[in-house]
Amino acid sequence: EVQLVESGGGLVHAGGSLRLSCATSGFPFDDYAIGWFRQAPGKEREGLSCISTTDGSTYYADSVKGRFTISRDNAKNTLYLQMNSLKPDDTAVYYCMKYSGSYVSWTENLDRDFGSWGHGTQVTVSS
């Protein structure tokens with residue numbers, strides 16, 4: 001059974017930082033591109049970042065480029081998202097997603113809904 005469990009969310013002041021983790025199981029982690037998306041109440045799903053399988057190539061949405069850093073530890077089957085310089089607009093539920101297509105195709109449309117994801121972790125940024 002594919003499982004993705006996000007953690008690390010919380011309440012932080014604007015300008016602060018959080019590090020999200022996504023522990024995975026049930027699939028060969030290093031065979032899949034994996035990434036993060038978020039969804040705020042009343043807003044569309046927003047793809048944030050993805051990372052390729054073995055060479056570690058990364059891709060970011062413009063809204064988080066330069067502030068967020070994605071990384072993966074294939075030995076631990078875990079994905080991370082370091083979030084710095086957080087803004088109130090970053091408030092949302094954050095999800096990690098195992099992508100069912102190629103990394104390159106995912107970078108062509110980061111908002112694509114094509115894979116498996118967890119229950120999410122809430123991030124709230126106060127002004």
Side-chain angles (χ1 to χ4, degrees):
E1 178 188 4
V2 172
Q3 288 192 329
L4 302 99
V5 180
E6 301 91 343
S7 63
L11 173 63
V12 64
H13 290 299
S17 298
L18 284 173
R19 188 192 194 207
L20 306 184
S21 298
C22 174
T24 75
S25 61
F27 65 97
F29 182 76
D30 51 5
D31 282 354
Y32 288 87
I34 192 164
W36 295 91
F37 69 92
R38 67 188 178 189
Q39 188 149 26
K43 293 187 177 180
E44 294 289 322
R45 167 194 177 121
E46 180 185 14
L48 301 177
S49 181
C50 59
I51 185 167
S52 67
T53 52
T54 54
D55 71 358
S57 296
T58 58
Y59 188 82
Y60 296 92
D62 288 344
S63 60
V64 303
K65 195 176 298 180
R67 300 189 298 124
F68 291 10
T69 302
I70 191 172
S71 61
R72 65 190 295 164
D73 185 334
N74 288 344
K76 295 182 178 179
N77 295 341
T78 301
L79 177 72
Y80 302 98
L81 186 68
Q82 177 67 43
M83 307 188 296
N84 299 328
S85 302
L86 283 161
K87 307 173 183 179
D89 282 350
D90 294 317
T91 295
V93 179
Y94 285 68
Y95 301 85
C96 65
M97 184 170 81
K98 161 188 168 287
Y99 190 62
S100 297
S102 71
Y103 166 75
V104 171
S105 68
W106 199 358
T107 65
E108 295 169 351
N109 182 1
L110 208 52
D111 295 332
R112 185 171 293 166
D113 174 0
F114 186 46
S116 304
W117 54 90
H119 293 292
T121 185
Q122 174 72 46
V123 171
T124 303
V125 184
S126 64
S127 57

ILVMFWY network linking [X] to [Y], side-chain heavy atoms under 4.5 angstrom:
X	Y	value
V125	M83	yes
V5	Y80	no
L11	L86	no
W36	L18	yes

Nearest-0.5 Å distance that lies between atom [atom1] in [X] and atom [atom2] in [Y]:
X	Y	atom1	atom2	value
S116	Q3	OG	CD	11.5 Å
L48	D62	CG	CG	12.0 Å
I34	C22	CD1	SG	5.0 Å
L79	N74	CG	CG	10.0 Å
L81	S21	CG	OG	9.5 Å

Short N-O contact, D90 and K87, less than 4.0 angstrom: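 No, this pair does not count.
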
Mark yes or no for whether [X], through its side chain, and [Y], through its backbone, hold a donor-acceptor pair below 3.5 Å.
X	Y	value
Y60	I70	yes
T121	Y94	no
T24	N77	yes
R112	G101	no
R38	V123	no
R72	S52	yes
N84	S17	no

Start with the C-alpha distance between L20 and E6, add both sets of side-chain angles, then the distance that settles side-chain contact (heavy atoms from CB on, under 4.5 Å), and finish with yes or no. CA-CA 7 Å; L20 306 184; E6 301 91 343; over 6 Å; no

Over all atoms of both residues, closest heavy-atom pair of [X] and [Y]:
X	Y	value
G47	A61	O-CB, 3.4 Å
P88	S127	CG-CB, 3.9 Å
S100	G115	OG-CA, 3.4 Å
R67	S85	NH1-O, 3.0 Å

Quick one: name the residues clustered hydrophobically with W106, using the 4.5 Å side-chain heavy-atom rule over I, L, V, M, F, W, Y, and just say none if it's on its own. F37, Y59, V93, Y95, M97, Y99, Y103, V104, L110, F114, W117

Could you give me the CA-CA distance, side-chain angles and deciding distance for D31 and T53, then say whether side-chain contact (heavy atoms from CB on, under 4.5 Å) is met? CA-CA 6 Å; D31 282 354; T53 52; 5.6 Å; no

